J.: 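Following this message is one structure expressed as structure tokens.
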Amino acid sequence: MFPSPSRLSFPGYRSRLGSPRNRLYPRQLEDQTKKLQKDMKKSTDADLAMSKSAVKISSDLLSNPLCEQDPVFLEMVTAFDTAMKRMDSFNQEKVNQIQKTVIEPLKKFSSVFPSLNVAVKRREQTLQDYKRLQSKVEKYEEKEKTGPVLAKLHQAREELRPVKEDFEAKNKQLLEEMPKFYSSRIDYFKPSFESLVRAQVVYYTEMHKIFGELTAQIDEPGLSDEQREREHEAKLGELRALSIVADD
């Protein structure tokens with residue numbers, strides 16, 4: 001007599017694959033991986049857009065007629081433009097590094113899920129066949145043991161045997177390999193995220209250097225932020241005093 005699937009514990013299945021929460025964890029891992037890949041792409045696109053916009057602003061300022069009229073202003077804007085172009089260059093290097101070491105590995109990791117999902121689905125289909133045939137066996141076992149019933153019982157058991165073996169093989173494979181696959185993500189992604197951190201550290205170290213040099217070039221020594229603000233307010237007051245901008 002074969003044990004009923006309803007009474008089988010399926011060692012490890014219910015604890016690892018059978019509960020409503022854990023049964024879906026391959027799908028959850030797939031969704032999380034794709035979301036991370038999408039978020040990383042958005043982040044790098046935003047980084048590039050930021051540095052390209054900064055270069056556009058500095059270029060527009062450099063071509064402004066004001067620069068031709070004021071050599072000091074021209075020197076300052078030229079320094080700013082040079083800094084923005086250097087920033088954009090380092091930003092592009094950072095994005096290329098992240099694309100190669102983070103986004104591409106995420107994409108490759110996502111490519112394994114279709115086969116994994118097929119394996120889980122086939123195991124579930126085999127389980128349903130197993131339950132159906134086991135129920136058939138139990139039905140004949142509960143009947144009076146007449147000749148025709150015994151013949152049908154024997155036939156039902158023979159039909160069940162290969163399905164049971166197939167299920168147990170698929171179940172064993174998933175129970176052995178699924179935890180290994182799930183745990184492997186740590187070793188797989190660790191180098192990628194280490195590379196991400198290094199790329200950010202290198203980038204912001206260079207930014208500190210670039211903007212430090214820029215500050216030294218354009219900063220007026222001895223002038224505090226409060227003094228600059230008062231100077232701006234004074235110049236704005238002079239502009240407002242002009243009759244062409246005065247309130248009616």
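Fair warning: this is a prediction, and the values are worked out from it, not measured in the lab.
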J.: Mind checking what makes side-chain contact (heavy atoms from CB on, under 4.5 Å) contact with M50, not counting sequence neighbours?
T.: M87, Y203
J.: Indicate yes or no for a side-chain donor-acceptor contact from N64 to the backbone of C67 under 3.5 Å, with no hydrogens or angles considered.
T.: no
J.: Please round to the nearest 0.5 Å and tell me the distance separating atom OG1 of T205 and atom CD1 of I210.
T.: 11.0 Å
J.: Please find the pair of heavy atoms, one from A199 and one from I98, that lie closest to each other, and give the distance.
T.: CB-CG1, 4.3 Å
J.: Is there side-chain contact between F189 and T33, with heavy atoms separated by less than 4.5 Å?
T.: yes
J.: Counting only N and O atoms by type, is there a donor-acceptor contact under 3.5 Å from the side chain of N91 to the main-chain atoms of D47?
T.: yes
J.: Is the closest side-chain heavy-atom distance between L62 and T78 below 4.5 Å?
T.: yes
J.: Salt-bridged, D31 to K35, with N to O below 4.0 Å?
T.: no
J.: Would you say the side-chain atoms of Q92 and N96 include a donor-acceptor pair closer than 3.5 Å?
T.: yes
J.: Rounded to the nearest 0.5 Å, what separates atom CD in Q134 from atom CZ in R157?
T.: 9.0 Å
J.: Output, in order, the C-alpha distance, side-chain angles, deciding distance and verdict of salt bridge (charged side-chain N to carboxylate O under 4.0 Å, His left out) for E206 and R86.
T.: CA-CA 9 Å; E206 291 297 332; R86 290 176 64 194; 5.1 Å; no
J.: With sequence neighbours left out, write down each residue that passes salt bridge (Lys or Arg N to Asp or Glu O under 4.0 Å) with K152, or none if nothing qualifies.
T.: none
J.: Please lay out, stage by stage, how F181 and L29 fare under the test side-chain contact (heavy atoms from CB on, under 4.5 Å).
T.: CA-CA 11 Å; F181 170 79; L29 179 57; 3.9 Å; yes
J.: About how many Å separate CG of L150 and CD of E144, when rounded to the nearest 0.5 Å?
T.: 10.0 Å
J.: Could you give the distance from NZ (K180) to OG (S183), rounded to the nearest 0.5 Å?
T.: 10.5 Å
J.: Looking at every non-hydrogen atom in both residues, tell me the closest pair between M178 and V120 and how far apart they are.
T.: CE-CG2, 3.5 Å
J.: Who are the side-chain contact (heavy atoms from CB on, under 4.5 Å) partners of K143, not counting sequence neighbours?
T.: K139, Y140, V149
J.: So which atom in D88 and which in S51 form the shortest heavy-atom distance, rounded to 0.1 Å?
T.: OD1-OG, 2.7 Å
J.: Determine the sole option in K41, K42, K34 for which the side-chain contact (heavy atoms from CB on, under 4.5 Å) test with K38 is passed.
T.: K42
J.: Rounded to the nearest 0.5 Å, how far apart are OG1 of T101 and CG of L196?
T.: 7.0 Å
J.: Whether the side chain of S59 engages the backbone of V55 through a donor-acceptor N/O pair (distance < 3.5 Å, no angle test) should be reported.
T.: yes
J.: Please evaluate residues F90 and K94 with respect to the criterion side-chain contact (heavy atoms from CB on, under 4.5 Å), reporting the C-alpha separation (whole Å), side-chain torsions for both, the decisive distance (0.1 Å), and the verdict.
T.: CA-CA 6 Å; F90 279 111; K94 179 193 70 173; over 6 Å; no
J.: Is there a side-chain contact between R123 and N171 (heavy atoms, below 4.5 Å)?
T.: yes
J.: When rounded to the nearest 0.5 angstrom, what is the spacing between NZ in K172 and CD in E176?
T.: 5.0 Å
J.: If you apply the rule salt bridge (charged side-chain N to carboxylate O under 4.0 Å, His left out), what do you find for K121 with E124, and how did you get there?
T.: CA-CA 5 Å; K121 184 177 180 180; E124 292 296 326; over 6 Å; no
J.: Against S58, only a single residue in V77, D81, T82 fulfils side-chain contact (heavy atoms from CB on, under 4.5 Å); can you say which?
T.: D81
J.: Output a table of donor-acceptor pairs, distance under 3.5 Å, between side-chain atoms of residues 105-116 and any protein atom two or more places apart or on a different chain; print 'none' if there are none.
T.:
unit_1: S110; atom_1: OG; unit_2: L106; atom_2: O; d: 3.1
unit_1: S111; atom_1: OG; unit_2: K108; atom_2: O; d: 2.5

J.: Are K56 and D60 packed together at the side-chain level, in the sense that at least one heavy-atom pair is separated by less than 4.5 angstrom?
T.: yes
J.: Residues two or more places apart in sequence or in another chain: which of them pass side-chain contact (heavy atoms from CB on, under 4.5 Å) with E226?
T.: S224, R230
J.: Step by step, work out the side-chain contact (heavy atoms from CB on, under 4.5 Å) result for N117 and E30.
T.: CA-CA 10 Å; N117 292 332; E30 179 180 11; 3.1 Å; yes
J.: Salt bridge (charged side-chain N to carboxylate O under 4.0 Å, His left out), that's the test. Do E158 and R161 meet it? Break it down for me.
T.: CA-CA 5 Å; E158 290 301 309; R161 191 182 309 277; 3.5 Å; yes
J.: If hydrophobic residues (ILVMFWY) are linked whenever their side-chain heavy atoms come closer than 4.5 Å, directly or via other members, who joins V95 in its cluster?
T.: L48
J.: Of all the heavy-atom pairs spanning M40 and I103, show the shortest one and how long it is.
T.: CB-CG1, 3.9 Å
J.: List the atom of A83, the atom of L214, and the distance in Å for their closest heavy-atom pair.
T.: CB-CD2, 3.9 Å
J.: So is R185 actually on top of Y182's ring, under 6.0 Å and inside 45° of the axis?
T.: yes
